[in-house]
Amino acid sequence: MSSEINCIALIGKQNNPLFIKNFSTSHPDLKYHYIAHTSIDVIEERVSNGPKNLDLYLGLLYAMEDLAVYGYITNTRVKLVVVVSVTDGIIRDADMKALFRKIHSAYVSNVCNPFYNVDSQKCINSKAFSQAIETIGINARTTLDI
């Protein structure tokens, strides 16, 4: 199976985009902004209809064309979305959970900065965070291959 990360997005608790990184050369950034915002509806539906002891990993949210959209929600209601291009086969949930844990860890490291305002609706502009997401996205290309 060949699959690769096309986009990693973080969406704030007020449904504002905090960070969107496009790893794809074939699709424009606007497509991933659209996918991130459409995934908000699916995430909120799963959270409201799901059990109260919610698992942070939401699994496959939906698939469109050759893309699969996976979701994760933090305890503070920040939504993480990963868009993966899949040509054939299925990605294991264990691999996706590990990927989301890495992204969540990078986000927590950014939030621990005393100068970061958690309730701000501004995008994350940290160079260290951008580099961490870049590294996660590039390294995930090899770990998601089955």
Qualifying residues under side-chain contact (heavy atoms from CB on, under 4.5 Å), relative to Ser105, sequence neighbours excluded: none
Heavy-atom check, side chain of Val84 versus side chain of Tyr70, under 4.5 Å: yes
Where at least one partner belongs to residues 30-41, residue pairs that pass salt bridge (charged side-chain N to carboxylate O under 4.0 Å, His left out), sequence neighbours excluded: Lys31-Glu65
Test ring pair (Phe, Tyr, Trp, His ring centres under 6.0 Å) applied to Phe100 - qualifying residues, sequence neighbours left out: Tyr57, Tyr72
pair Asn110-Ile124: side-chain heavy atoms closer than 4.5 Å: yes
Min side-chain heavy-atom separation Ile11-His37 under 4.5 Å: no
Backbone of Leu58 reached by a side-chain donor or acceptor of Arg46 within 3.5 Å: yes
Atom pair CG/NZ of Leu99 and Lys102 - distance to nearest 0.5 Å: 7.0 Å
In one Ile/Leu/Val/Met/Phe/Trp/Tyr side-chain cluster, 4.5 Å: Leu56, Val108: no
Residues in side-chain contact (heavy atoms from CB on, under 4.5 Å) contact with Asn22, at least two apart in sequence or another chain: Ser24, Asp29, Tyr32
Contacts of type side-chain hydrogen bond (donor to acceptor under 3.5 Å, both in side chains), residue Gln14, not counting sequence neighbours: none
Criterion side chain to side chain contact (heavy atoms under 4.5 Å, CB included) on Ser109 and Phe129, from CA distance to verdict: CA-CA 8 Å; Ser109 295; Phe129 181 75; over 6 Å; no
Partner residues of Lys21 under the salt bridge (charged side-chain N to carboxylate O under 4.0 Å, His left out) criterion, sequence neighbours left out: Glu134
By side-chain contact (heavy atoms from CB on, under 4.5 Å) - contacts of Glu44 (at least two apart): Asn15, Ile40, Lys79
Euclidean distance, Ser39 OG relative to Leu80 CG, rounded to 0.5 Å: 10.5 Å
For Tyr107, ring pair (Phe, Tyr, Trp, His ring centres under 6.0 Å) partners two or more places apart: none
Hydrophobic cluster membership, Leu30 vs Val83, 4.5 Å side-chain cutoff: no
For Tyr34, all residues meeting side-chain contact (heavy atoms from CB on, under 4.5 Å), sequence neighbours excluded: Thr38
Any Val78 side-chain heavy atom under 4.5 Å of Ile73 side chain: no
Where Ser130 and Phe19 come nearest, the two heavy atoms and their spacing: OG-CE1, 3.5 Å
side-chain hydrogen bond (donor to acceptor under 3.5 Å, both in side chains) partners for Thr74, two or more places apart: Thr76
Any side-chain heavy-atom pair of Leu18 and Cys123 under 4.5 Å: no
Nearest-0.5 Å distance, CG of residue Asn6 to OG of residue Ser85: 4.0 Å
Pair Cys7-Ile35, side chain to side chain contact (heavy atoms under 4.5 Å, CB included): steps then yes or no: CA-CA 10 Å; Cys7 176; Ile35 290 172; over 6 Å; no
Residues which pass salt bridge (charged side-chain N to carboxylate O under 4.0 Å, His left out) with Lys13, listed by chain and number, not counting sequence neighbours: Asp119
Gap between atom CD1 of Ile136 and atom CD of Gln131 - 0.5 Å precision: 10.5 Å
Student check: side-chain heavy atoms of Ile5 and Val82 closer than 4.5 Å: yes
Close side-chain approach of Leu60 and Ile91, heavy atoms under 4.5 Å: no
Verdict with reasoning, Tyr62 to Val42, per side chain to side chain contact (heavy atoms under 4.5 Å, CB included): CA-CA 8 Å; Tyr62 63 92; Val42 178; 4.0 Å; yes
